[in-house]
Participant: 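Pasting a structure below so you can have a look.
Note on naming: letters A, B, ... go to the chains in the order of the sequence lines (proteins, then strands), and numbering restarts at 1 for each one.
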Protein chains: 2
Amino acid sequence: MTKTQELTESLEMYLKTIYLIELRKRAARVTDIAHDLGVIASSVTGALRTLSKRGLINYAPYDIITLTDEGMVVAKEIMQKYGAMRDFLIKVLGIDESAAEEEACHMEHRMSEVVFQRLLHFVKYYETCPVEKVRWNEELGYFCSREDLDCEHCVQQVRVGTHKKPGTKPSVGTKRSDN
Amino acid sequence: MTKTQELTESLEMYLKTIYLIELRKRAARVTDIAHDLGVIASSVTGALRTLSKRGLINYAPYDIITLTDEGMVVAKEIMQKYGAMRDFLIKVLGIDESAAEEEACHMEHRMSEVVFQRLLHFVKYYETCPVEKVRWNEELGYFCSREDLDCEHCVQQVRVGTHKKPGTKPSVGTKRSDN
DNA sequence: GGCAATTTTTAGGCTAAACCAACATTATAC
DNA sequence: GTATAATGTTGGTTTAGCCTAAAAATTGCC
């Protein structure tokens, strides 16, 4: 069983950070983690004790820090969920990269196993399938960009559906008060 | 400005609950809210004071509770984000309805305005466009179900891409340890 | 050995959310 | 119209999570 109990978002961040440091330099120190997360060392110690109690990291006072096998599994799960959400936001929804990363970081935490799998598959499908090419356009919203097809039909429908006058920008980032 | 400061997930739940009660019966009472949220009355009073201080509800001790105009806007925003995520999970990712609702409830809270708008558009596009019909299949993952097209090609690629032997079920809901 | 860097401990603070028990108010029933 | 029931509020406590600051402990290194 990988799922011990549910980590808080903060603990997930610690785990993620340790994972990334391990990739760079084999093991982490308190200072590294504190630096990356923007907290002071004593905050890290507290988190480490929790993670250690849950069997996710190898931790002994004053020693260097590594993930346990279980910790590695969990960390990878987190990274994968993050990656899946990030990719979806960027590749499918067309969200700006840095915004996507910021947001994926929060959404990932609440993502179930099933949704994660589906998202993964969906993005893969989306990139693989040679016919389906949906694109985002500020003017028109999403539309399929197949050259052999006249999409004016659906574009019209979408416009009508969202009460948008042709030529009006979609209200992205705008406050709405529609029903 | 609709965005006072950022509500906690808990406060969003209170707001949502009040909104839904208002729909049913014009105004809410402490007991109604407590009942719907599964907390005791005194917990509700505390939350109400916070929401009131933020100008989101009309609240006077011992009186009935309604949303202010601003509260209504915020509540609708929350409901819309919830709806967009719910629809996406169900209609696009093919997630089971009750699971989708459960999960949308958590994800909604972390959703930015932009992602909300994109999701909305995406689902709408997805339902409107007559050619794009992506479907989920336990066996194959996502695939386009256009009859005039042989999708074996992409199905194969997806299979290869996910290291899945043909005929093997995708590992949805299964613990992975892949990289 | 002793200084400097690192880490831990200790003690404390803050916020958010919930509960309980006691009290206050309002509604209802007779 | 008053007693009783239902509803709502208050204040005190608790739990949990996360953080800081200051001081003490440990380690590494010259």
Participant: Of all of residues 104-111 of chain A, which get a heavy atom below 4.0 angstrom from DNA chain D, listed by number?
Facilitator: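 Within residues 104-111 of chain A, no residue comes under 4.0 Å of DNA chain D.
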Participant: For A:Met107, does its backbone N or O pair with a side-chain atom of B:Arg110 as donor and acceptor, under 3.5 Å?
Facilitator: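 No; zero donor-acceptor contacts below 3.5 Å.
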Participant: Return all side-chain donor-acceptor pairs below 3.5 angstrom for residues 56-64 of chain B, not counting sequence neighbours, or 'none' if the list is empty.
Facilitator:
| residue | atom | partner | partner atom | Å |
| --- | --- | --- | --- | --- |
| B:Asn58 | OD1 | B:Thr66 | OG1 | 3.1 |

Participant: Quick check: is A:Met111 connected to A:Ile90 through a chain of hydrophobic side chains (ILVMFWY, heavy atoms under 4.5 Å apart)?
Facilitator: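 No: no chain of side-chain contacts under 4.5 Å links A:Ile90 to A:Met111.
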Participant: Between C:dA17 atom P and B:Glu12 atom CD, what is the distance in whole Å?
Facilitator: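 Distance check: B:Glu12 CD to C:dA17 P gives 11 Å.
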Participant: Taking only N/O atoms, report every protein-nucleotides 7-11 of chain C pair under 3.5 Å with atom names and distance.
Facilitator:
| residue | atom | partner | partner atom | Å |
| --- | --- | --- | --- | --- |
| C:dT7 | OP2 | A:Thr31 | N | 2.9 |
| C:dT7 | OP2 | A:Thr31 | OG1 | 2.2 |
| C:dT8 | OP1 | A:Tyr59 | OH | 2.5 |
| C:dT8 | OP1 | A:Tyr62 | N | 3.2 |
| C:dT8 | OP2 | A:Thr45 | OG1 | 3.1 |
| C:dT8 | O4' | A:Tyr62 | OH | 3.4 |

Participant: Are more than 12 heavy atoms, taken from residues, nucleotides or ligands other than A:Arg26, located less than 6.0 Å from that residue's CZ atom?
Facilitator: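 12 or below, so no.
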Participant: Is the shortest side-chain N to carboxylate O distance from A:Glu97 to A:Arg86 below 4.0 Å?
Facilitator: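 A:Arg86 and A:Glu97: salt-bridged.
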Participant: Please check this pair: side chain of A:Glu9 against backbone of A:His109, looking for a donor-acceptor N/O pair closer than 3.5 Å.
Facilitator: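 Not at all, since once roles are kept as given, no pair shorter than 3.5 Å links the two residues.
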Participant: Shorter than 3.5 Å, N or O on both sides, protein versus nucleotides 28-30 of chain D: list them out with atom names.
Facilitator:
none

Participant: Does atom CG (B:Asp96) have a neighbourhood of more than 12 heavy atoms from anything else shown, all under 6.0 Å?
Facilitator: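 Enclosed: over 12 neighbouring heavy atoms sit under 6.0 Å from CG of B:Asp96.
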Participant: Take atom CD1 of B:Ile65 and atom P of C:dT26, then tell me their distance rounded to the nearest Å.
Facilitator: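 B:Ile65 atom CD1 is separated from C:dT26 atom P by 14 Å.
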Participant: Looking at side-chain heavy atoms only, is the closest gap between A:Lys81 and A:Met85 below 4.5 Å?
Facilitator: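 Sidechains of A:Met85 and A:Lys81: no contact.
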Participant: Can you check nucleotides 16-19 of chain D for protein contacts, nitrogen or oxygen pairs under 3.5 Å, and list what you find?
Facilitator:
| residue | atom | partner | partner atom | Å |
| --- | --- | --- | --- | --- |
| D:dC18 | OP1 | A:Thr8 | OG1 | 2.6 |
| D:dC18 | OP1 | A:Ser10 | OG | 3.4 |
| D:dC19 | OP2 | A:Tyr14 | OH | 3.2 |

Participant: Would you verify whether the NZ or CZ of A:Lys16 falls within 45 degrees of the ring axis of A:Tyr82 while also being under 6.0 Å from that six-membered ring's centre?
Facilitator: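 Relative to the ring axis of A:Tyr82, which defines the angle, A:Lys16 lies inside both limits.
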Participant: Just so I know, are the side chains of B:Val30 and B:Ile33 near enough to count as touching, which here means a heavy-atom distance under 4.5 Å?
Facilitator: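 Result no, sub-4.5 Å side-chain heavy-atom pair not found.
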Participant: Between P on C:dA16 and CE on B:Met13, what's the gap in Å once rounded to a whole number?
Facilitator: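 For the pair B:Met13 CE and C:dA16 P, the rounded distance is 18 Å.
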Participant: Would B:Phe88 and B:Phe116 count as a close aromatic pair, with their ring centres under 6.0 Å?
Facilitator: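 No, the ring centres sit 6.0 Å or more apart.
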Participant: Hey, does A:Val114 have a side-chain heavy atom less than 4.5 Å from the side chain of B:Glu103?
Facilitator: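 B:Glu103 vs A:Val114: side chains apart.
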Participant: Applying side-chain hydrogen bond (donor to acceptor under 3.5 Å, both in side chains), can you list everything that pairs with A:Arg29, at least two apart in sequence or on another chain?
Facilitator: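 A:Arg29 satisfies side-chain hydrogen bond (donor to acceptor under 3.5 Å, both in side chains) with A:Asp32 only.
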